[in-house]
Asker: 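Provided herewith is a single structure, encoded as C-alpha cells, for subsequent inquiry.
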Amino acid sequence: MIKELKAYEVDPKVKIVILKGNGKAFCAGGDVLASYTCMVAGHWSYGMNFYKKQIMLDYLVATYGKPVVAIIDGIVMGGGAGLSLQGTFRIVTENTVFAMPETAIGHFTDVGSSYFLSRLPGFFGEYLGLTGTKIRGAEMVECGLANHFMLSKDVRLLETALDEVTSSDTKTISEIISKFMHKPNVKQHGAFSRLEIINKCFSRTTVEEILSSLESEAETRAEKWILEAINWMKSACPTSLKISLRSIREGRTQGLEQCLIQEFTVGSHIARRTVSDDFYEGTRAMLLDKDRNPKWDPSKLELVTDEIVDRYFSKADEDYMESLQLPTRSNLVDTMRPKL
C-alpha cells in the first residue's frame, strides 16, 4: 500500500485515492496473531518492523497530497481505524461498526488513536479507548470520527461518480459525495447520548477513579452500557488501561506526529517485553489458545504504579531500538481539534 500510494501521489492522472475493504469489513485491524507468532518464534523486531510500516502508512495517508476518500462499509477496528480515520473524507454506512479493543489483549489504543480519540467531544475518547465499546456509523458521524453517512446500497454509485473526477479540488469532491449522503438514524439511547454521564465518569484523573465512578453510577442506574463498561475494564489488562488513558490524555496537547512517535515508543517496549509479558499473554489467551483467561502482571489496577507506566513512555536506551523517524511531509493539516 505504501508503494502504491507513493506512486499515485506523483501520478498526474490520479486525482483522488479511494480506500475500501474487500468484503464485509473495511478492516478489523492488524494481524496480531501473525505478528505474535513471528516474535515468539524469532525476534521481537519482526513484529516491530511490521508495526513501523503500519504507522508509516497511517502517516502517509494523513499527509497525503491528494484527497483520500475512505469508504468504511463494515467493521473498522484497531489498525483499520488508524488507516481510514486519517483520510480527508471518512464515509460510513449503516453497516459500519467501530471499536478500539486493544486493552483486552494486553496492548493499548494506538495507530494514531491518541490523536483522534483525544479530539472527540468531552471524554468520549477515553470512554471508547478504555471500554472497547462498539459504536455504529451514525454515532461516528455524530461524535466526529466520520464526516459523511450514506447507505451501503449506494456505495457503488458513489464510486462510479468519483471515477469521473478530473480534479483534486476537495470542494468539488465534497459536492459529489453530498449527493449520496443520507440522514443517519441516530439511536435515542446510543453511546453518544450518554455524554453527560460519560464526562462525569471518564474525566476522573486515574483509571481507578473512573472505574469507581462507573460503579457508583451503576448503584443508582443499572443500565446495560454502564455494566458492560465496568465488566470490560475489570477483565482488560490493568497496565494497558493505564497506558491508554495516559496516551489519550497526552494526545490532546500533541500533534499527530508526536502522537505516532510516542505510540511507537510504547509499542516497542511492549514488543520487547521490557516491562511486562502482558501483550504476549493476552494474545495467547484471547487469540491463540482462546481460553479467555489471561494472567495479567500486575494483576490489579492498584498494583500498576506510575513508575511502571512511565517506563513504557521512556525513550529507547539501546542502539538497536531506535525512535521513530517520520519523513518530512508538507501536507499535514490538523483536521481535528480537542473539544474539551
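The basis for the numbers below is simple: all heavy atoms, side chains too, and nothing from hydrogens, waters or symmetry mates.
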Asker: List the residues meeting salt bridge (Lys or Arg N to Asp or Glu O under 4.0 Å) with Arg249, not counting sequence neighbours, and say none if there are none.
Answerer: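 Here the qualifying residues are Glu126.
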
Asker: Mind checking whether Phe202 and Met100 sit in one hydrophobic cluster, side chains of I, L, V, M, F, W, Y counted as touching below 4.5 Å?
Answerer: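 Yes, same cluster.
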
Asker: Less than 3.5 Å apart, any donor N or O on the side chain of Thr103 or Trp232 sitting next to an acceptor on the other?
Answerer: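 There is such a pair (donor and acceptor under 3.5 Å, judged by atom type) between the side chains of Thr103 and Trp232.
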
Asker: Minimum heavy-atom separation for Ser244 and Thr109, please, with both atom names.
Answerer: OG-N, 3.2 Å

Asker: State whether the side chain of Asn147 and the backbone N or O of Arg90 hold a donor-acceptor pair below 3.5 Å, judged by distance alone.
Answerer: yes

Asker: Arg204: what forms a salt bridge (Lys or Arg N to Asp or Glu O under 4.0 Å) with it, not counting sequence neighbours?
Answerer: none

Asker: Please determine whether residues Ile2 and Phe50 belong to a single hydrophobic cluster, defined as Ile, Leu, Val, Met, Phe, Trp and Tyr linked transitively by side-chain heavy-atom distances below 4.5 Å.
Answerer: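 No, no single cluster joins them.
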
Asker: Would you give the length of the straight line joining atom OG of Ser235 to atom CD1 of Ile230, rounded to the nearest 0.5 angstrom?
Answerer: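 Reported to 0.5 Å precision, the distance equals 12.0 Å.
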
Asker: Are Leu120 and Val141 connected in a single hydrophobic cluster, I mean Ile/Leu/Val/Met/Phe/Trp/Tyr linked by side-chain heavy atoms less than 4.5 Å apart?
Answerer: yes

Asker: Apply the test salt bridge (Lys or Arg N to Asp or Glu O under 4.0 Å) to residues Arg194 and Glu217: give CA-CA distance (whole Å), side-chain angles for both, the deciding distance (0.1 Å), then the verdict.
Answerer: CA-CA 12 Å; Arg194 314 159 186 151; Glu217 289 294 327; over 6 Å; no

Asker: Tell me whether Thr93 contacts the main-chain N or O of Ser152 through its side chain, where contact means a donor paired with an acceptor under 3.5 Å.
Answerer: no

Asker: Within the side chain of Asp31, is there an N or O that forms a donor-acceptor pair under 3.5 Å with the backbone of Ala34?
Answerer: yes

Asker: Is it possible for you to say whether Leu145 and Met150 belong to one hydrophobic cluster, with membership spreading through side-chain heavy-atom contacts below 4.5 Å?
Answerer: no

Asker: Parallel, tilted or perpendicular, judged at 30° and 60°: which one describes the rings of Tyr127 and Phe124?
Answerer: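 Rings of Tyr127 and Phe124: tilted, as their planes differ by 30° to 60°.
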
Asker: When you measure from the side chain of Glu142 to the backbone N and O of Phe192, does any donor-acceptor pair fall under 3.5 Å?
Answerer: no

Asker: How close do Phe123 and Ile198 get, counting heavy atoms only, and between which atoms?
Answerer: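 The answer is O-CG2, 3.8 Å.
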
Asker: Main chain of Thr205, side chain of Glu209: is a donor-acceptor contact present, judged purely on distance under 3.5 Å?
Answerer: yes

Asker: Going by an N to O cut-off under 4.0 Å, is there a salt bridge joining Lys242 and Asp306?
Answerer: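 Looking at Asp306 together with Lys242, the answer is no, because their closest N to O distance does not fall below 4.0 Å.
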
Asker: Which pair of heavy atoms, one from Ala229 and one from Thr131, lies closest together, and at what distance?
Answerer: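 Distance-wise, the nearest heavy atoms are CB-CG2, 3.7 Å.
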
Asker: If the threshold is 4.0 Å, N to carboxylate O, is there a salt bridge linking Glu139 and Arg136?
Answerer: no

Asker: Write out all pairs satisfying salt bridge (Lys or Arg N to Asp or Glu O under 4.0 Å) with one or both partners inside residues 152-173, taking only residues at least two apart or from two chains.
Answerer: Lys20-Glu159

Asker: Test your reading of the model: is there a side-chain donor-acceptor pair from Asp11 to the backbone of Lys13, 3.5 Å cut-off?
Answerer: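 Between the backbone of Lys13 and the side chain of Asp11 there is a qualifying donor-acceptor contact (under 3.5 Å).
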
Asker: Are Phe279 and Trp44 an aromatic pair, judged by ring center distance below 6.0 Å?
Answerer: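 Centroid distance Trp44-Phe279: not below 6.0 Å, so no.
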
Asker: With distance as the sole test, does Gln86 use its side chain to make a donor-acceptor pair with the main-chain N or O of Val61 at under 3.5 Å?
Answerer: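 No.
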
Asker: To the nearest 0.5 Å, what is the distance between OG (Ser247) and CZ (Phe108)?
Answerer: 5.5 Å

Asker: Scan Leu151, Ile91, Asn95 and name whichever one has a side chain to side chain contact (heavy atoms under 4.5 Å, CB included) with Asp73.
Answerer: Asn95

Asker: In terms of relative ring orientation, are His107 and Tyr51 parallel, tilted or perpendicular, with 30° and 60° separating the classes?
Answerer: perpendicular

Asker: Examine Val92 and Leu162 and state if one hydrophobic cluster contains both, with Ile, Leu, Val, Met, Phe, Trp and Tyr joined whenever side-chain heavy atoms are less than 4.5 Å apart.
Answerer: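 No: no chain of side-chain contacts under 4.5 Å links Val92 to Leu162.
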
Asker: Have Ser114 and Gln262 got a donor and an acceptor in their side chains that come within less than 3.5 Å?
Answerer: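 Side-chain D/A pair, Ser114 to Gln262: absent.
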
Asker: Give the minimum heavy-atom separation between Trp296 and Asp278, together with the two atoms involved.
Answerer: CZ3-O, 3.4 Å

Asker: If every non-hydrogen atom of Pro67 is compared with every non-hydrogen atom of Thr170, which pair is closest and at what distance?
Answerer: CG-CG2, 4.0 Å

Asker: Taking the side chain from Ser314 and the backbone from Arg311, do they hold a donor-acceptor pair closer than 3.5 Å?
Answerer: yes

Asker: Do side-chain atoms of Ser84 reach the backbone of Ala70 as a donor and acceptor pair under 3.5 angstrom?
Answerer: no

Asker: Has Arg329 got its NZ or CZ under 6.0 Å from the middle of the six-membered ring of Tyr59, at an angle within 45 degrees of the ring axis?
Answerer: no

Asker: Ignoring hydrogens, what is the shortest heavy-atom contact between Pro298 and Pro238? Give both atom names and the distance.
Answerer: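 The pair with the smallest heavy-atom distance is O-CG, 3.8 Å.
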
